[in-house]
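Here's the structure, in structure tokens; my notes come after.
Heavy atoms only: backbone and side chains are in, while hydrogens, waters and symmetry mates are out. Order of the sequence lines fixes the chain letters, A, B, ..., with proteins taken first and strands second; residue numbering starts at 1 for each chain.
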Amino acid sequence: MNNGQIAEIFESIAGLLEMRGDKVFTIRAYQKAARTIERLPTELDHMVREEQNLQEIPGIGKAISEKITEMVNTENLVYYDKLKAEFPEGILDVMQVPGLGPKTVGRLWKELDVTSISDLEKAIENGSLAALPRLGQKTADNILRQLQFQRTKGQRMPMAKAMPIAQRVMEAIREKCPEVRNLTIAGSVRRMEETVGDIDMLCTADDPKAVLDSLVAMPNVVDVIGHGDTKASVYLSDGIQIDLRVVEGTHFGALLQYFSGNLQHNIQLRDRANDLGLSLNEYGLTNKETAELEVFADEEGVYQRLGMQYIPPELRQGVWEVQAARENRIPTLVEISDIRGDLHDHTDWSDGRDPMETMILSTKERGLEYLAITDHSVGRGIANGLSIERLENHKKLVKELELSIGGIKLFTGTEMDIRADGSLDYSDDVLEELDWVVASVHSAMGQDAETMTDRIIKAMHNPHVDVIGHLTTRLVGERQPIEADFEAIFKAAAETGTALEINASPERMDLKDSHVYRARELGVPLVISTDAHTTEGLDNTRYGVGIARRGWCEAKHILNTLALDEFLEFLELDKSERTEAFARFTA
DNA sequence: GCCGTTTTCGGCCCGACTGTTTTCAGTCG
């Protein structure tokens, strides 16, 4: 059972307990556990098997840790089964409808016998819902609207789609309200989550109402969810919700902190504020005795006042970071400017759009010191993969361009298929002549976990395979990752000295954050690569850096932050020496 | 149900918005 499934069960337990009218703090404890587990970088399944103490996780005590252990060991939870049995089958579906919480669902069930979505629709149609005290026609209309929305809109949107939409909306607001200041993306987009449920933005303005009105009046707004004095929420035809919050300028630091989340992180900060006799909200810190409000121009001030290090947005996951910040254990995370080279990209020799020379010039313009040209291997017929002969000419051109362009070190290379049986697309004597070999799975992605794990580990044992490309092959929101024993793969990577790629293409984001976290712990050399197929693709480094930061990576954990001379030294080494040497290089 | 550099018992995050209300409950993030 994975963390997502366990978190979902605790979330359901909280909902059912609330419907039953249990103590509010019991309910909150389950909600808190669910939200923490959702963001936990380590798989609980793995922790239980290794007999690690679950109670070290914040918000997990005796009762919940026992339930986790039961779920991992038996794929079932008796307590949950019994609890569910007290309620009709479809009640959890009804609770999923936005705007309907446990209280209302409980009433609908007891008073109108609503136990499914279709019951709910009937109760709205025949007017019985609107006739209940404290509900009404408007509430009924809103629920119906949400039901219709649920059918048309998908789930969370991949970051790759959300970021450009966010930028377009910001431009539109600036155009309509030139006086707007500090307009900033916050929320999950700022935290660089791989998918986002909505896009949060904030700004300061002398006339908040004008800014909110301009958002609500945008032509691609299909629904206004809320429109108050300081906050508005709209739904766009692009299929995503935008939340905009406006305050006076003096409050900007606290507002940005508040609106960047995540929720559990903010709760931990407010707990901390309470301990100090303060109360934290989006306007600042209030002294509970004197009722005096302290405001902050930037976020750093908020964290400092709470007696902790500044926490970068990517780490604000509400799990370990607040405790770490209080103990001065927040690392200096890797930044885009630390990246010295790109080690995976394509040209029009295989399935890239741009000529090799263009890609090299574009990389050089971005200030990088080295670049590996890694077009596809022969087996990728559909991607115009290179035959041995074409590969020879490809290498020749790389060498020529290195001389003629100058000022950037070029590596000959390939992105080579790992075939279904774990054999490789080029023979050892061909690979030996290449500077940099990326090996990737592109076929037979549906293999069972054992076969897939063996396949990848077999490729890692080849002395010429420098790095495994986009390990899980997932496409965010579109294609599921492969099934494999990732723990075993990470350990094999460290043992064989094979690097793992953080593929920065926003459609992939592969490795993902929790994988990065674990691979880093095991000392695996990590590479942030763009896998660019166009010159624009070279800009995607920021997504890869975002994932690395979410995995608590410093520059020293990323191989391509090495300066050229160090990277050349690394390449000279036998693979068996690389893991240890990498740790030494970057100590 | 969880938690403690004041606490093993007695606390537990905070505010905006909506729809229904003459003062607030429910939901959301």
- [ ] Using atom CG of A:D200 as one end and atom P of B:dC28 as the other, report the distance to the nearest whole Å.
- [x] 16 Å
Task: First of A:N266 and A:I64 reached from the 5' end of DNA chain B, by closest nucleotide - done: A:I64
Open item on the list: If I pick the P atom on B:dT21 and the same atom on B:dA16, what distance separates them, to the nearest angstrom?
Closed with: 24 Å
- [ ] List the atom of A:P312, the atom of A:L333, and the distance in Å for their closest heavy-atom pair.
- [x] CG-CD1, 3.7 Å
TODO: Give me the residues of residues 6-28 of chain A where at least one heavy atom lies under 4.0 Å from an atom of DNA chain B, by number, or none.
DONE: A:F25, A:T26, A:R28
Open item on the list: I need the CD-C1' distance between A:Q96 and B:dC28, as an integer number of Å.
Closed with: 14 Å
TODO: May I ask you to decide whether A:E282 forms a salt bridge with A:R245, counting only side-chain N to carboxylate O separations under 4.0 Å?
DONE: yes
Open item on the list: Quick test of your reading of the model: are A:E299 and A:R316 salt-bridged, counting only N-O distances below 4.0 Å?
Closed with: yes
Task: C1' gap between B:dC17 and B:dC12, integer Å - done: 25 Å
Open item on the list: Which heavy atom of A:A548 sits nearest to which heavy atom of A:I528, and what is that distance?
Closed with: CB-CD1, 3.8 Å
- [ ] Choose from B:dG1, B:dC12, B:dG26 the nucleotide whose nearest atom is closest to any side-chain atom of A:A29.
- [x] B:dG1
- [ ] Examine A:K67 relative to A:F10 and say whether NZ or CZ is less than 6.0 Å from the centre of the six-membered ring and inside a 45° cone about the ring axis.
- [x] no
Open item on the list: Using the P atom as the point on both nucleotides, what is the distance between B:dC14 and B:dC9, in whole Å?
Closed with: 26 Å
- [ ] Give the rounded distance in Å between these two atoms: CG of A:L269 and P of B:dC12.
- [x] 18 Å
TODO: Please report, rounded to the nearest Å, how far the P atom of B:dG26 is from the CE atom of A:M95.
DONE: 15 Å
Open item on the list: So if I define the base as every atom that isn't primed, P, OP1 or OP2, how would nucleotides 14-24 of chain B read as a B/S/- string at a heavy-atom cutoff under 4.0 Å?
Closed with: SSSSSBS---B
Open item on the list: Please name the nucleotide paired to B:dG11 by Watson-Crick or G-U wobble geometry with both distances under 3.5 Å, or report none.
Closed with: B:dC2
Task: Contact list for residues 249-268 of chain A, test salt bridge (charged side-chain N to carboxylate O under 4.0 Å, His left out), sequence neighbours left out - done: none
TODO: Validate the cation-pi geometry between A:R305 and A:Y303: distance from NZ or CZ to the six-membered ring centre under 6.0 Å, angle to the ring axis within 45°.
DONE: no
TODO: Provide the distance between the two P atoms, one in B:dG15 and one in B:dG10, to the nearest whole Å.
DONE: 27 Å
Task: Nucleotide B:dG29, atom P - distance to CG of A:L244 in whole Å - done: 16 Å
Task: Atom-pair distance (CZ on A:F259; P on B:dC28), nearest Å - done: 16 Å
Task: Non-hydrogen atoms of A:V97 and A:Q146 that approach each other most closely - done: CG1-CB, 4.2 Å
TODO: Remember a base hit wins even if backbone is also touched, and classify A:I267 as base, sugar-phosphate or nothing at under 4.0 Å, heavy atoms.
DONE: base
Open item on the list: Enumerate the side-chain hydrogen bond (donor to acceptor under 3.5 Å, both in side chains) contacts for residues 165-177 of chain A, please, sequence neighbours excluded, ordered by first and then second residue.
Closed with: A:R168-A:D238
TODO: Please name the residue in the list A:H265, A:Q264, A:E193 that meets the side chain to side chain donor-acceptor pair (under 3.5 Å) test with A:R39.
DONE: A:E193
Task: Chi class for B:dT20: syn within 90° of 0, otherwise anti - done: anti
Task: Closest heavy-atom pair and its distance - A:S188, A:G197 - done: OG-N, 4.4 Å
TODO: Provide the distance between the two P atoms, one in B:dG1 and one in B:dT5, to the nearest whole Å.
DONE: 23 Å
TODO: Pick out which of A:R474, A:R508, A:R550 makes a salt bridge (charged side-chain N to carboxylate O under 4.0 Å, His left out) with A:E194.
DONE: A:R474
Open item on the list: Side chain of A:L263, heavy atoms from C-beta onward: which of B:dC2, B:dG26, B:dG29 has the nearest atom to it?
Closed with: B:dG29
Task: Rounded distance (Å) that lies between atom P of B:dC2 and atom CD of A:Q268 - done: 15 Å
Open item on the list: Can you check the distance between B:dG26 and B:dT20, where both ends of the measurement are the P atom (answer in whole Å)?
Closed with: 14 Å
Open item on the list: Checking A:S237 now: which residues fulfil side chain to side chain donor-acceptor pair (under 3.5 Å) with it, not counting sequence neighbours?
Closed with: none
All N/O pairs under 3.5 Å across the protein-nucleotides 3-11 of chain B interface:
residue, atom, partner, partner atom, Å
B:dC3, OP1, A:G59, N, 2.7

Task: Between P of B:dG29 and CD of A:Q257, the distance in whole Å - done: 18 Å
